[in-house]
Every structure is written in C-alpha cells, then in structure tokens.
Amino acid sequence: MAVPAAVELVDLALKATTAYERSDLGGRLLQTRKRLVDPDVRVLVVGEFKQGKSQLVNALVNAPVCPVDDDIATAVPTVVKHAETTTVALVREGSENGAPERIEVPAARLAEYVSEAGNPGNKAMLSYAEVGLPRKLLAGGLVLVDTPGVGGLGSAHGAATMSALPSADAVLLVSDTAQEYTGPELEFLQAALKLCPNVACVLTKTDLYPHWRRIMELDRGHLAAAGIDAEMFPVSSMLRLHAAKTQDTALMDESGFRQLVNFLLNKVVAQSDDLDRRSTSHDVLSVAEQLAAGMKAELEVQQDPERMESLVAELSRAKGNADELKQRSSRWQITLNDGVADLQSDIDYDLRDRLRTITREAEQLIDDADPAEIWEQFAEWFHQQVSSAASANFVWAAERARWLAGRVAEHFAEGADILLPELRFDDEGMAGKVDPLVKPEVEKFGTGQKLLTGMRGGYSGMLMFGMLGAFMGLPIFAGAPAGIALGVKSVRDESKRQLMKRRSDGKQAVRKHIDEVTFQVGKDSRDMLRRTQRQLRDHFSAIAEEMSTSLAASVLAAQNAVKTTSSERERRIRDLKAELERIDGLATRARALVKDLGAGQPVAVGSGAAPRSPARKSL
C-alpha cells in the first residue's frame, strides 16, 4: 500500500523540519500525517425503506451484522469497520464533557438498538452503532455505513443523510428490482453527485424478480434522462450469502457481488489511496522547496559574492509580496470576506424563498379543507416539503462554499499550484433540532353541543317572533317555525366559526414552524460558512507565513554569506551542496509517490471547486 510509504515520507520530512529549525513547516506535515493514519474510507449505503440495504451490508461482509426482517426497519446508522475481533458499541455524541459516549453491547442485542422495532424513532438518542469485524474486505480501511431509509430528499432521515454526504468517500444507492427508479430516488442521486466524488447504483433482490433486467434497462434510461453518470450493479444478497456458505464460485459470479467488491476496492479505496499520495507529495514537495530556499540563496552568494546585492533585492521583493498576502487588505482576503458575506446573504434568501413557497402552498391546502380531517396527511406532506427545502439549501450552500474556496485559491496563488484544505460540511441535520408541527386544538362540537346551540338560537328566535305575532293578535307559538330556522342557522354559524378558527390555528402553527426552521437551518448554514471561512483563512495564512519566514531566512543567509573567508567559503559550499542533495532526495521520494498516477496536478483535498459559481436550482 502507498499509505505506509507516505507516512514514512512525512515522518522523514518532520525530522528535516526539526533539524533545520523550521517548526512552522511541521504543523502542516502533522495535519498530513493525521489524515494518513486515519485509514477509514467511508461508504454510505443509502436508499428508501425496505430496499435491502442492511442485507447488502451483511452480504458484503458475510456476517449478519445488520438486523433484517420483513417488519424491521433501520432507525440508527450502523458503521461496519475492521477489527481484530467482533465488537459492537453504541455511540451517543454530544455528551456534557464533549467526548462521545460508547456503550459495549453483545452482538446478538444489536437489533434492540438500531431497528425501529427495538428503538422506535431512535428514542434512545443514539448517534450510531459501530460494529467491528475481522474481514479482509475491510482491512484496507473500507467502512460501510448502513443508514436509515432516506425516503428521498423530503424526509427527516433524507435531510440527515444528505448532510453526511460531503464526509463520505462513496455512496451506494440501493433500490430493489421490483420497480424502476422513483422520482425521490433520482432526486437524491442528483444531489448526492454534487456532494460526493463516487456514487454508484445497486439493484438488489435479482433472485426474487425474473424481470430485473428490464427494470435495469429502464433505470439506465432514467439516469441518462436525468444526466446522472453512475455505475450500476445488479446483485442478489441471498445468492452471495449462500455461495459464501457453500463455496460455490458459479453462484458467487451469478450473485453479481464480484463487480461490486471490485468497484469498492479498485475505485473507491484505490482513489482514496491516490488522493493520499497526491496530497502527501504536494505537502512534502512544498516543505522541501522552502527548506532549500535559504540554502540556495546562500549557495549562490558563496559561489558568486558579487550577486549578493541583486539577489537580496530580489528576495526582499518576494518577501514583501509574501508579507502582503498576510494582510487583511490582500486580494485573497478580500475575496474570502466578501465571498462569505455574499454567500450568507444568498443562502439565507434561498432558504427563505423555498420556505415562503411552502407556506403559501400549506395555507392554500388548509383553506381548501377542514384541518381536523386532513391534519395527519397534511403534517406528513408539510414535513417532507420542509426537509426537502432544507436539504436542497444545504446542497447549494456546500457547492457555493467549494466554489468560493477555488476562487480564493486562484487569487492567493495567481497561477501557482496550491492545495486546498479539506472542507467539511458535516451537519447534524434539522431532524433532531426542530420540534414537529403542532396540531391545533379542536373544539368539540358533538350532538349535544349542536342541540344546545340550536335550542339557544331557536328559543331566542321563537321568543322574538312570538312576541311580534302577539302584537298582531297571533298566538305566541306562531313564532316556532322562525325559531327552528334560527336554531339551524345558529348551528351552521357555529360550525363555520369553528372551521375558520381551525384554519386560522392551522396557519398559525405552520408559520410558527416555518419560523423555527428558518432560525435553526439559517443558523446552521451561517455556522457552516463561518467554519469554511476560518478553514480557508487559517490555511492560506499559514502558507503565507511559511513563505515569508523562508524568504526572510534566505535574505539573512545571503547577507551573511559575504562575511565568510575564502577557506570557510569552500567548506560552506560543500556543506550546502550536501544539504541540498539530502533535501533533493526528499523531494525525489515525494515525486515518486505520484509517478505512477499519470499526468495531472495534485488535487485539492475535499475541494471540487468549480470555475463558475453554481447556479441556484431547486432540487
């Protein structure tokens, strides 16, 4: 593997920064090493309910780690990773001391905590369950995450899963072959492709549906029509498990899992490995260049003392440019500050615009019906629409943040090769932060209330018209028909008043919920942008500081070089050449990490910056 070689190279570079007293360069290398020693390559297994996600994970690792049954649905994400022995732990984040709370449980009891049957609505407030297995497939760092059914973008689980996509290395969208892709599935795929580098489609249960090839053809057509470029793998988890049990290679081929495993190992894990090699090579080369800068300047003056003045002037100008990059008035700082301010305004407007549209539609639905009769269906539709709006807003915000990172890098580097920091847009999601839509109280208006209201109105009417008839010489009971009519009218008016009150209360509940969503999701978006701003500011400020320090050392070395005697100059030249040869050897090893990766510049870790600002588009 390349990662051990990369870790060894980073350790060697760290020793060099210590030997040459450049501790400022060691900070970046320590971050690089921290990234390298974390081998996890996260693959999210997503899809709608009862599509075979959990069984797919079980088949991949050949173990019943995720509970499956006809009446079992996943309520808590299950993370399956490599371990020397089988272990199961429940993780609850957000504890008072800040550290995640881990609770070890027997593997046989996992279903009690991760399924809707054992933990309905995740009442235990678990963040995820972690399962460790001694499996060769997972030994290279592959981590499988079985997620709850997303139900498309318009669901609470969908919104939570969407916020986890930027931190994933790949996504497997699971759909069974009972029917072709639905609208929510295609919608989810389109959004996932904007946030994750690798997205593949897995069609499950091919052993149950003989017409699965026709479904696959229709699905390919849907993907093409939607402009989605994703690989597709038809599989049968049951065949895979049976083939592993009986060691039947023919059945294993028929299950379709060989192609899926090859995709995970040769593209997802290998691509992560390539990214590690590129980023490590870039960081070590940058450090080697700065370590060598001062020595090269001193060597030039030692070999040609007459060049000292021109070389010092050139280095001083370069240092001045580097110092300007550290100023808040520098071009990249202005681009970053203005860009974040513009993004905050645009993203806030986008969210409010989406939610205003939902509010108008919700109020129209309430006006067209009796809230007491439609509230359950209305609340489900309303939560779907709000979650969809929040998810779409998050996707667009992440796109724009990455685009801004690319713009800042362009203005900082001005044509030079700069590695972007790994931007993280993790969000806990709106599902657990906003209370559900409150159902308005409904006044009781049963038979007894109707009778009492009618009698009250009828009595008043009969008395009024009876007295009027008495003046005309008619008996008082002549007003009875009018009393009955007024009694019926009183019942109708009261029913209408209560309906209008229910509609008014329903609209008020909708507006209150929209206000809470706007407040919470808006804050999450602003927090995400502020984190992005700090990441970019600290990243490029550190690079500017390193450049300034290196150039200052180069100026000082060049100025001191002319003070040496002839005998000292010859010895110093030999020493400098030897040191430069050692640094060049470090750079050569860094280039060797990416020698076999073909042409291409070192990629920006987690960036994906686009040359143009992503247009706002409803998902």
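None of the values given here were measured: they were computed from a predicted structure. FYI, the numbering just counts along the sequence from 1.
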### Query
When Phe188 is tested against each of Val46, Val199, Leu193 for side chain to side chain contact (heavy atoms under 4.5 Å, CB included), which residue passes?
Val46
### Message
Given Leu137, which partner from the list Leu265, Val80, Asn62 fulfils the side chain to side chain contact (heavy atoms under 4.5 Å, CB included) test?
### Response
Leu265
Do side-chain atoms of [X] reach the backbone of [Y] as a donor and acceptor pair under 3.5 angstrom?
X: Arg135; Y: Val61; answer: yes
X: Thr206; Y: Val235; answer: yes
X: Thr532; Y: Met528; answer: yes
X: Ser281; Y: Ala590; answer: yes
X: Ser255; Y: Met252; answer: yes
X: Thr18; Y: Leu14; answer: yes
X: Asn393; Y: Ile347; answer: yes

Hey, could you give me the [atom1]/[atom2] distance between [X] and [Y], rounded to the nearest 0.5 Å?
X: Arg92; Y: Tyr128; atom1: CZ; atom2: OH; result: 12.5 Å
X: Cys201; Y: Asp219; atom1: SG; atom2: CG; result: 8.0 Å
X: His222; Y: Leu189; atom1: NE2; atom2: CG; result: 12.0 Å
X: Ile543; Y: Leu25; atom1: CD1; atom2: CG; result: 11.0 Å
X: Glu187; Y: Ser391; atom1: CD; atom2: OG; result: 9.0 Å
X: Thr32; Y: Asp276; atom1: OG1; atom2: CG; result: 10.0 Å

Side chains of [X] and [Y] in contact at under 4.5 Å (non-hydrogen atoms):
X: His82; Y: Leu133; value: no
X: Thr147; Y: Val45; value: no
X: Gln55; Y: Met238; value: yes
X: Leu56; Y: Val202; value: yes
X: Ser525; Y: Phe394; value: no
X: Val43; Y: Leu172; value: yes
X: Thr87; Y: Val131; value: no
X: Asp176; Y: Leu203; value: no

Partners passing salt bridge (charged side-chain N to carboxylate O under 4.0 Å, His left out) against [X] (at least two apart in sequence or in another chain):
X: Arg530; value: Asp527
X: Glu130; value: Arg102
X: Asp538; value: none
X: Arg109; value: Glu112

Give me the atom names and distance for the closest heavy-atom approach of [X] to [Y].
X: Ala191; Y: Val395; value: CB-CG2, 4.0 Å
X: Glu104; Y: Ala89; value: OE2-CB, 3.8 Å
X: Gly522; Y: Leu351; value: N-CD2, 3.7 Å
X: Val174; Y: Gly52; value: CG1-C, 4.1 Å
X: Ile215; Y: Thr177; value: CG1-O, 3.5 Å
X: Val114; Y: Ala129; value: CG1-CB, 3.6 Å

### Task
Assign the ring pair His383 / His513 to parallel, tilted or perpendicular, where the plane angle (0 to 90°) is split at 30° and 60°.
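Rings of His383 and His513: perpendicular, as their planes differ by over 60°.
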### Task
Could you check Thr78 against Val57 for side chain to side chain contact (heavy atoms under 4.5 Å, CB included), going step by step and ending with a plain yes or no?
CA-CA 10 Å; Thr78 303; Val57 174; over 6 Å; no
## Note on the structure
When Gln271, Arg277, Arg278 are each screened for side-chain hydrogen bond (donor to acceptor under 3.5 Å, both in side chains) with Asp274, the one that passes is Arg277
#### Entry: Ser175: which of Glu48, Lys205, Glu185, Glu180 passes side-chain hydrogen bond (donor to acceptor under 3.5 Å, both in side chains)
Glu185
### Task
May I have the step-by-step check of side chain to side chain contact (heavy atoms under 4.5 Å, CB included) for Leu138 and Lys81, ending in yes or no?
CA-CA 6 Å; Leu138 307 175; Lys81 61 196 311 181; 5.6 Å; no
### Query
Does Trp212 have Arg214 sitting over its ring (NZ/CZ under 6.0 Å from centre, angle to axis within 45°)?
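No - Arg214 does not lie over the ring of Trp212 by the 6.0 Å and 45° rule.
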### Task
Identify, with sequence neighbours excluded, every residue that meets ring-ring contact (aromatic ring centres under 6.0 Å, His included) alongside Tyr113.
none
### Task
Inspect the contact between Glu217 and Arg220 and indicate whether a charged nitrogen and a carboxylate oxygen are less than 4.0 angstrom apart.
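Answer for the salt bridge query: no.
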#### Entry: Donor on one side chain, acceptor on other, Ser54 and Asp146, under 3.5 Å
yes
### Qualifying side chain to side chain donor-acceptor pair (under 3.5 Å) pairs, either residue in residues 236-253, two or more places apart
Asp207-Ser236, Asp253-Arg258
### Message
Let's go through Val284 and Leu593 carefully: what are the C-alpha distance in whole Å and the side-chain angles of both, what is the deciding distance for side chain to side chain contact (heavy atoms under 4.5 Å, CB included) to 0.1 Å, and is it a yes or a no?
### Response
CA-CA 11 Å; Val284 173; Leu593 278 179; over 6 Å; no
#### Entry: Pair Asp169-Asn198, side chain to side chain contact (heavy atoms under 4.5 Å, CB included): steps then yes or no
CA-CA 7 Å; Asp169 296 280; Asn198 284 316; 6.0 Å; no
